Amino acid sequence: MTMKLTHAVKRKLVQIVAFGLTNSHVSNFASGQIYTGPWKKFCNPGLNCYSCPAAGLACPIGAMQAVSGSTEFGFSFYVVGIVLALGVVLGRFICGFLCPFGLFQELIYKIPGPPKHLKLKKWMTYCKYGFLVIFVLILPLVLTNYMGMGKPAFCEYICPAGTLEGGIPLLLTNASLSSIIGSLFFMKLAILIAVIVACLFFYRFFCKTMCPLGAIYGLLNKISLYRMEVDKKTCVSCGKCATVCKMDVDPSKTPNSAECIRCGDCTKACPVGALHLGFARKNETGQEPEKA
Amino acid sequence: MDRIKPYIIPVVVLALAIGMIAWGVSRGEVNIVLAKAVNVCLECIGLGK
């Protein structure tokens, strides 16, 4: 007897494998140390704190701020180049399949009880661009110490992934760090709790409204090689794709929306197979694919 | 030509990104990334006053 895995289960398996590969140094949780090997030269595709004991790669958002806040450079060609390369190939597929914090939010959303039909206001999805510009690009250049080094403002004041993956595990296992706990930690803990509570009601609340990495990949969704196409001749405008979309996108109208995380739920829900996700253009009519 | 057109912009951006990575590596940005990532970033995890 063979068991056929559904698309949703396959995606969850990919997410779990990606989570495991990103955070493979699990034994560090016991010692309260972090991995210090050469792989940390490279950036993780998704959001994952490099101060997490298990993390094997650098966080792209943290690394971006570290370089731009350094005394030597004001901009990181290396990190931006990595994010740009990954984003222009895969777009927000990275959010949907490879991001550890995305998986965490999806699991929180699965907790039954709170109403799940609520939708965020459209303007709230634009906030992530504000976080990107203000906290990741501007403040690390402006908020400098006496040595001229900039603050990693998003990591320091906002990032709930850092608190969850780095702050809490290290505080629990590394006694020397407990002595330097201050008001900043409690402020960040409050942000983490607020995000978790919001994720009970709204699917991937952080991705939709706060994630600067999602903002970059979202903009690249519009030109990425991995993209969605709508066959307008086949589409019957039944609206099923928009109904199943938990990112509040209408794929038949905006197949390459900045909000689409390429989960593929819409392509499976389409009764006539009018939606196609992939690298290859399937349009055989010689017409250009639908633009977002 | 119509089949190639949609690939032009992403391929150009990809080439630009690869160039940026190479430029960043050549001027030593990797060392800063590594130095930051192998030390516990106290401010990143919210420790400190």
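None of the values given here were measured: they were computed from a predicted structure. Below, each value reflects all heavy atoms present in this structure, side chains not excepted, and no hydrogens, waters or symmetry copies. Lettering of chains follows the sequences in order, A, B, ..., and the numbering in each one begins at 1.
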Is [X] close to chain B through its backbone or its side chain, or both, or neither, when contacts mean heavy atoms under 4.5 Å?
X: A:Gln65; answer: neither
X: A:Pro53; answer: neither
X: A:Ser76; answer: both
X: A:Leu57; answer: neither
X: A:Lys40; answer: both
X: A:Leu164; answer: neither

CD1 (B:Ile9) with more than 12 external heavy atoms under 6.0 Å | no
Value rounded to 0.5 Å, distance of SG in A:Cys43 from OH in A:Tyr50 | 9.0 Å
Rounded to the nearest 0.5 Å, what separation is found between the CE atom of A:Met210 and the CD1 atom of A:Ile158?
-> 5.5 Å
Pair count under 4.5 Å, heavy atoms only, with chain A: among B:Ala37, B:Gly24, B:Ala22, highest is B:Ala37
Ion pair present between B:Arg27 and B:Glu29, side-chain N to carboxylate O less than 4.0 angstrom?
-> yes
Can you tell me if A:Ser224 uses its side chain to pair, donor with acceptor, with the backbone of A:Gly87 under 3.5 Å?
-> no
Are A:Asn256 and A:Arg92 close enough that a side-chain donor and a side-chain acceptor fall under 3.5 Å?
-> no
Look at [options] and state which one has the largest set of heavy-atom pairs under 4.5 Å with chain B.
options: A:Cys159, A:Gly167, A:Ser178; answer: A:Gly167
options: A:Val83, A:Asn174, A:Thr163, A:Ile82; answer: A:Ile82
options: A:Phe75, A:Phe186, A:Phe154, A:Tyr35; answer: A:Phe75

Side-chain heavy-atom pair A:Arg262, A:Met228 within 4.5 angstrom cut-off | yes
Side chains of A:Tyr226 and A:Leu277: does their closest heavy-atom pair fall under 4.5 Å?
-> yes
Where on B:Asn31 is there a heavy atom nearer than 4.5 Å to chain A: the side chain, the backbone, both, or neither?
-> neither
Examine whether an atom of B:Ile18 lies under 4.5 Å from a heavy atom of chain A, and if so say whether it belongs to the side chain, the backbone or both; otherwise answer neither.
-> neither
